[in-house]
Amino acid sequence: MAAGGQPVRIIPRRLRGRMNPLRAGAIALLVIIIATWLAFTKSLPWHDPFQFHAVFQTSNNLRLDSPVRIAGVNVGKVVEVERMNDSDLVKVTMEMDEKGLPIHDDATAKIRSRIFLEGNFFVELTPGTPSTEKVGDGDTIPVTQTSTPVQLDQVLTALQSNDRESLQDLLKGLGSGLMSKPTAAEDRNQDPDVRGETTAKSLNDSLNDAPASLKGSAAVNEGLLGTEPHDLSKLIAGLDKVVTALSTNEEQLKDFITNFNRFFAVFAAEQDSVTEAVALLGPTLENARAALISLNRAIPPLSGFARDLTPGVAQTQRTIAAFSPWVSQATSLFSKAEAGGLLNELQPAMRYLASVVDDSFDLFHETNLTSRCFNEVILPAGQTVLQDGTSTTGVAAIKEFWYTMVGFASDAQGFDGNGSYTRTATGGGDLLVRTEKLSNRPKLRDVLYGHALVRPQGTRPTRPPKAPPYKTNRDCYKNALPNLNGPAAAVGPPDKQGK
């Protein structure tokens with residue numbers, strides 16, 4: 001007993017700290033309910049999903065939970081399908097995931113049939129262009145931007161028995177026309193490339209030229225889109241006005257059709273000539289295409305020339321007015337009494353001058369060859385630095401040549417500060433050296449002698465056994481640059497020591 005006479009409840013030690021079973025069962029039931037909700041709905045109950053509507057002409061047995069796809073990817077589902085009040089239209093409510101947003105005002109929706117294994121239908125959604133306004137939560141895509149598939153029963157209902165028979169006859173005739181072999185008379189005026197071929201074979205062959213033509217058609221279609229937004233819609237609005245005007249002038253339209261029929265009757269009467277003209281149309285278009293390409297390339301420079309010429313054309317009248325006094329004076333100057341007589345006297349001199357100019361062409365040709373020889377062979381070779389071991393100067397060969405000429409002029413002079421003198425010997429030293437017998441020199445003078453301080457180590461460049469050939473039939477500038485440090489410039493044996 002506790003104080004005050006109240007009984008004390010004794011809890012066993014093993015049950016102390018445990019949850020009441022009733023409370024634990026309630027919590028477990030709540031967890032199961034939440035898990036089941038998430039498993040079937042895949043969304044949180046407090047989450048407000050993005051929904052919008054689309055109006056279709058018919059629902060095509062579209063069911064709840066049918067997928068909504070963009071480019072084949074599931075981005076949402078259908079949550080409600082209901083008929084609109086006082087109409088045969090159907091309003092479909094769709095719930096979108098985040099990956100399918102945003103949707104724009106020009107979005108389109110189509111009900112498509114799913115594959116055989118999937119069954120049922122789905123909604124194919126095109127989200128529209130980003131430059132337009134976005135569709136908000138609860139907005140509706142109008143019926144003008146939706147479409148439904150055509151069912152087979154609708155096609156069969158449209159084709160009654162007589163229509164089906166006509167369609168069969170049409171298909172048979174089309175098959176005969178495509179697969180029948182042409183006769184010799186039909187092949188007589190045909191292009192050689194298609195003679196003997198069926199229509200189907202000729203059409204298949206025409207596909208070889210399709211890429212180039214389709215490329216041109218694509219360029220034309222792109223051009224038809226216009227250069228500014230709504231150009232195509234404006235074109236359609238203009239065509240609507242034209243068609244409306246034609247519908248209000250039925251009599252004139254009938255006369256136009258009648259005259260049009262007469263016009264083509266003339267073509268039918270001249271079938272052979274038209275066939276020949278069509279056969280020549282291909283080469284003509286190819287030539288025209290090449291001409292138009294050249295013209296297209298010439299237009300930009302021509303436009304620039306025209307813009308540059310415009311100020312000059314504006315000044316032409318003033319220029320003519322300012323030029324007129326000079327023309328009057330020049331007319332008097334070139335009259336027989338003035339410059340005309342001088343020109344008569346200069347005619348013999350001009351004839352001789354023309355003869356000199358005519359004869360000078362050969363001189364100019366030779367001068368050009370000589371200049372090219374110096375520019376392309378002699379001067380580049382003269383810029384070579386001769387490699388001579390420790391005696392290498394490091395300057396170009398042309399400079400070494402002129403250094404040699406300056407030194408030779410100094411050594412060869414016959415006077416100095418003391419007056420004139422006579423040289424009696426060349427070189428110095430008591431070692432006599434001589435060359436081998438030289439070719440193309442007179443006898444007794446075909447060996448050269450000299451004195452040296454030390455014994456020569458060799459001759460550089462190596463003396464060739466005979467003079468190199470001189471080719472008079474080859475232009476100098478066409479020769480390869482000489483290798484002044486190559487094998488021909490190697491050190492040869494020294495001249496023999498004189499005795």
Side-chain angles (χ1 to χ4, degrees), residues 350-414 423 425-429 431-499:
M350 296 301 295
R351 287 196 296 269
Y352 292 130
L353 179 60
S355 177
V356 170
V357 172
D358 183 65
D359 295 337
S360 64
F361 283 114
D362 295 335
L363 174 62
F364 293 153
H365 177 69
E366 296 298 331
T367 303
N368 178 57
L369 294 178
T370 304
S371 300
R372 295 190 67 176
C373 180
F374 270 90
N375 290 335
E376 300 180 22
V377 179
I378 297 177
L379 293 179
Q383 297 298 323
T384 304
V385 177
L386 300 178
Q387 303 297 327
D388 197 15
T390 57
S391 300
T392 301
T393 61
V395 298
I398 187 67
K399 293 184 178 180
E400 286 202 46
F401 173 77
W402 291 114
Y403 293 165
T404 303
M405 292 295 101
V406 172
F408 179 77
S410 176
D411 291 342
Q413 64 186 4
R423 297 179 182 273
T426 59
L431 183 62
L432 178 65
V433 293
R434 67 183 179 86
T435 66
E436 295 286 347
K437 185 174 291 188
L438 305 176
S439 60
N440 300 327
R441 290 185 63 85
K443 193 175 182 180
L444 302 179
R445 287 189 292 171
D446 54 355
V447 178
L448 300 179
Y449 294 87
H451 289 81
L453 296 175
V454 295
R455 184 181 301 276
Q457 298 177 359
T459 301
R460 186 168 189 177
T462 302
R463 187 185 303 281
K466 60 180 180 179
Y470 181 71
K471 299 179 181 179
T472 59
N473 59 346
R474 183 181 178 88
D475 295 333
C476 170
Y477 73 90
K478 295 182 179 179
N479 293 321
L481 291 178
N483 187 2
L484 301 183
N485 292 311
V491 178
D495 291 337
K496 293 184 178 180
Q497 185 176 351
K499 298 182 179 178

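The shown structure was predicted, so the numbers you read here are calculated from the model rather than taken from an experiment.
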Q: Might you point out which heavy atoms bring Phe374 and Pro380 nearest each other, and give the distance in Å?
A: O-CD, 3.7 Å

Q. Can you list every pair that meets salt bridge (charged side-chain N to carboxylate O under 4.0 Å, His left out) and has a residue in residues 377-387, with sequence neighbours left out?
A. none

**Q.** Selection residues 377-397 - residue pairs positive for salt bridge (charged side-chain N to carboxylate O under 4.0 Å, His left out), sequence neighbours left out
**A.** Asp388-Arg460

So, taking the atom named [atom1] in [X] and the one named [atom2] in [Y], what distance separates them when rounded to the nearest 0.5 Å?
| X | Y | atom1 | atom2 | result |
| --- | --- | --- | --- | --- |
| Thr370 | Asn375 | OG1 | CG | 10.5 Å |
| Phe401 | Leu386 | CZ | CG | 12.5 Å |
| Thr384 | Glu400 | OG1 | CD | 11.0 Å |

Q. Looking at residues at least two apart in the chain, or sitting in another chain, which of them share a side-chain hydrogen bond (donor to acceptor under 3.5 Å, both in side chains) with Arg351?
A. none

Q: Check side-chain hydrogen bond (donor to acceptor under 3.5 Å, both in side chains) between Gln383 and all other residues, then give those that pass, not counting sequence neighbours.
A: none

List the atom pairs, donor and acceptor, that lie under 3.5 Å between side-chain atoms in residues 354-361 and the rest of the protein, sequence neighbours left out.
residue: Ser360; atom: OG; partner: Val356; partner atom: O; Å: 3.4
residue: Ser360; atom: OG; partner: Val357; partner atom: O; Å: 2.6

Name the atoms and distances for all side-chain donor-acceptor pairs under 3.5 Å in residues 478-492, with sequence neighbours left out.
residue: Asn479; atom: OD1; partner: Arg474; partner atom: NE; Å: 2.8
residue: Asn479; atom: ND2; partner: Cys476; partner atom: O; Å: 3.3
residue: Asn483; atom: OD1; partner: Asn485; partner atom: N; Å: 3.3
residue: Asn483; atom: OD1; partner: Gly486; partner atom: N; Å: 3.3
residue: Asn485; atom: OD1; partner: Gln387; partner atom: N; Å: 2.9
residue: Asn485; atom: ND2; partner: Val385; partner atom: O; Å: 3.0

Q: Might you confirm whether atom CE of Met405 has over 12 heavy atoms from other residues, nucleotides or ligands at distances under 6.0 Å?
A: yes

Q: Report yes if the side chains of Thr393 and Tyr403 come closer than 4.5 Å at any heavy-atom pair, otherwise no.
A: no

